[in-house]
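Structure, as structure tokens:
So you know, we letter chains A, B, ... as the sequences are listed, proteins then strands, and number each from 1.
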Amino acid sequence: MLGKIWAVAFLELRIWTRMPMAAAGALIPPLGMVILLLVLSLSAGKQPVALVACSKGSQAVRMADIIKKDSEAYLLTVTDSSAASNMLAGQEVAAVITIPDDFDTALAKGSASLELKLNNVDIDFSDDIRRSVDRSAAQFDAPAMAPRDGDEGQGEERDPYALLMDSPNPYLINIAEDDMRETNVGFLSYQLIPALALLILSVGLAGSALMRAKERENGTSRYLLLSPVPSWALIAGRLSGGLLASLSALLPAAAVCLLTGVITVPPGHWPSLVLIFITTGLFASGLGNLIGSIIPGTGLAAMTTSTVSAILFFLGGGFTTIAFLPEWLRIISSFVPMRYAIDGLRQSLFYPDLKGIVTDLAVLSLSALSSIIAGMAMFRKSWS
Amino acid sequence: MKQIAIAVIGGFRAESVQMRRSKLLLFLATVQSVIFIFLVSIFGLTGSRAPIAIVDEDRGFYSAIFTDSLNNAHHSFSLKFMEKEKALDAVKHGDLVSVIKIPAGFSSGIEAGRNVFIDVMVDNIDVDMTEDIQRAVPSAIVNFARKAGLPGIRVKVNETDMIGHDTGFIPYLVVSALALAAFVVSGILSAAALSHEFESGTIKLLEIAPVNPLAPISGRIAASALYSLAVLLISLSVVIFFYGIIPLHPLELAAAVVMCVIIFSCAGALLGAFLKRTLPAASLVFGLALPLYIDSGAMEPERFDGNAIWAIAHLSPLYYAVGILEHAFHGFQVTPEPVFINFIALFIWAAVLLIFTAGVLKARMASC
């Protein structure tokens, strides 16, 4: 019987690969997501700022150096006052930091200032700039406030407390930062994980739904009643076909991510990773069968699957961090299976342990089982 | 001329009947247009207020000032007071971005003018979030020093804002999301209207019609555009009544929405004519929606992302639409080009797309 199930599954996969429009329909949303991430990764974190140093005094030069060195925060253009104003008006920069010409004199009196002119159209980037300028100003009197170098603290034994105590700090508070990991994960790597989850979801969901919808449109589904193979085996084969389609789309994408070093799998985390991919694929395939068996027409099925996958993806934390969301939204999110898929993938790839992975897998398996049962029932019903 | 008008009206009626019969299609289009506004808001929630735990082992006068400063550090943190073990557990599981421990003796140390330490444990899983924390904690310390009146601080920041008030990330995002909703709804509905002609084979019958076949097709596209406009009014109501964002320039808003519907309906029709199938056309519109949206100044003025990305953004009508919508709602100029230039650009887009769509349709019909 297993052979018959596999035969149906491979047939499903072959039909799917011969429907380039369906394949394109399933692949375009995740591809769009990747393009979006690439665009976002170009601009995440740094803000374009102009620096105008009106004073050539030694302290003003030191202040300017502090700002220039903070390349994590600023995409800096050093210019004069009138050019900076033009850049601000032309939106080439989001802010202008001016070191006034009396900086050294005022500093001697203990009342120097940095002038910040900010285009505050929204608080997202405005606050980034405010925080960065605050830090730069603080760094002048308290050098320990300086941003850490990327490689600092790695490989060498240092006593941060001793270093900080030697440094002057009128703010009186020193920060002893303790990073949980040896290296930071880049924005692109962090966000590509949900894109992989979207790929499985989109292909499994859209692939299965469109196949079912097309069968209904063509009227071929009723011929299945005449098949000598038991109906459960046919349905299992269809579901496996959806899973195979998901995995065949995922494998090249995952291989590219692994080969380019965008993602690395910690030792011992492969089994959990594979299980998450499979359970997510089964869930998507089951749900796709359900949608395709209910919704009439391929066009409508395509619209439904794109809407459903967008909702599942966003509410599952695909484009956000669930911990940031308000309580009520977190409660809603806890009912979204994709949350467990994305959580599980991040846990498997970025964390040293596999805490919570059992829960993630249990919820995903239960969701897959529910969607498969519902999908099977509706699919069988659609034959008649 | 009369025959053409009859054909246009006929196409319009036919599409209206088709739409009324496709209640599910209209429902899905409406859901998509509203859902995009909500989904974009969810993204907006991550722009600020990172969840962090405060483990306050001091509970003194100055630790209270410091936590208050953290709370007011430019919308940086959402503070949760926790026990150390629980906080460490939460940060290890990814529920928190950071744990800040204020040690016992913090207040007495500050009182005595001694340097004190705070332990900041950062889940540096994502470089973007880590850098936010690394900027925000010093910013809170600066705020603390000001509130506590600490001596010896020689440099302060004088800020001048170009706009008299701050605008939240979500109010900024949802306004631009209207352009995205217009793109998705108008694009999909008109693509569906056109590709349905090819899928059902009725496009061939139009060839033998006594009038130019473009006439009934124009009527169909006009009907789908009108339905899109009705759907968009629902999204607009959500923005105004649910999010409470009142447009400063309603006429400008109305003009922008109508222009968006015309342009994206033409774009959808073009796509439908090219692909001849609803499925890939709908998926393409959906897949392109977010990348185009992000590269349109939807999150911040687009030029802040650099001149190359800004130049690319000019190739999409969403850029001009977002520029007008942000001005219509908030009074912001988010493109270096003034609003009237954005309108002219949209008019040109509409005219070019109308002509181009007509040309492509003619060619596609001839090849049927």
Side-chain angles (χ1 to χ4, degrees), chain A residues 21 24-25 28-29 32 35-36 39 43-45 90-91 94 107 110 112-125 127 130-135 137-138 140 145 170-181 184-185 187 190 298-299 302-303 306-307 314 319-320 323-324 350, chain B residues 24 28 32 39 42-43 45-47 51 74-75 95 110 117 119-128 130-131 135-136 138-139 141-142 145 152-163 166-167 169 172 277-280 282-284 286-287 290-291 294-295 300-301 303-305 332 336:
Chain A
M21 293 298 186
I28 286 166
I35 294 168
L36 166 74
V39 173
S43 58
Q91 296 173 3
L107 192 78
S113 62
L114 280 180
E115 303 297 330
L116 170 67
K117 190 163 186 189
L118 182 65
N119 182 351
N120 56 323
V121 291
D122 78 54
I123 60 164
D124 183 46
F125 71 91
D127 283 346
R130 287 171 175 141
R131 291 176 203 128
S132 303
V133 178
D134 274 349
R135 181 173 68 177
F140 190 88
M145 299 274 193
Y171 295 90
L172 299 180
I173 300 176
N174 290 295
I175 303 164
E177 186 180 321
D178 177 16
D179 291 343
M180 280 175 62
R181 299 153 217 287
N184 280 342
V185 177
F187 176 82
Y190 188 72
T298 49
M303 274 187 82
S306 57
T307 309
F314 271 81
F319 206 41
T320 180
F324 277 61
F350 300 139
Chain B
L24 188 59
L28 285 171
Q32 279 193 342
L39 296 181
I42 292 176
F43 173 66
L45 287 168
T46 56
H74 306 307
H75 314 95
D95 292 334
I110 299 281
F117 282 93
D119 290 319
V120 180
M121 186 182 201
V122 183
D123 181 1
N124 56 323
I125 188 168
D126 171 8
V127 71
D128 188 41
T130 309
E131 285 176 4
R135 286 173 210 152
S139 179
I141 292 173
V142 169
I153 293 160
R154 295 175 296 166
V155 182
K156 64 179 190 336
V157 178
N158 286 338
E159 182 180 324
T160 310
D161 292 336
M162 286 174 72
I163 297 155
D166 273 347
T167 302
F169 196 27
Y172 187 90
R277 294 278 182 277
T278 309
L279 163 63
S283 301
L284 191 63
F286 201 80
L290 278 177
I294 295 297
D295 192 23
E300 60 188 19
R303 204 172 187 186
F304 291 177
D305 291 335
F332 298 155

If I compare all heavy atoms of A:Asn120 with all of A:Arg130, which pair ends up nearest, and what's the gap? CB-NH2, 4.1 Å
Checking side chain to side chain contact (heavy atoms under 4.5 Å, CB included) against A:Phe125, which of A:Val121, A:Ile123, A:Asp127 comes through? A:Val121
Determine, for A:Asp134 against B:Lys156, whether the closest basic-nitrogen to carboxylate-oxygen distance falls under 4.0 angstrom. no
Choice from B:Asn158, B:Thr278, B:Thr167 maximising heavy atom contacts with chain A below 4.5 Å: B:Asn158
Under 4.5 Å, counting heavy-atom pairs only, tell me which of B:Leu284, B:Leu24, B:Ile153 racks up the most with chain A. B:Ile153
Please assess B:Asp161 against B:Ile163 for the test side chain to side chain contact (heavy atoms under 4.5 Å, CB included), listing each intermediate value before the final yes or no. CA-CA 5 Å; B:Asp161 292 336; B:Ile163 297 155; 5.7 Å; no
If you count heavy-atom pairs within less than 4.5 Å of chain B, which of A:Leu114, A:Leu172, A:Thr307 leads? A:Leu172
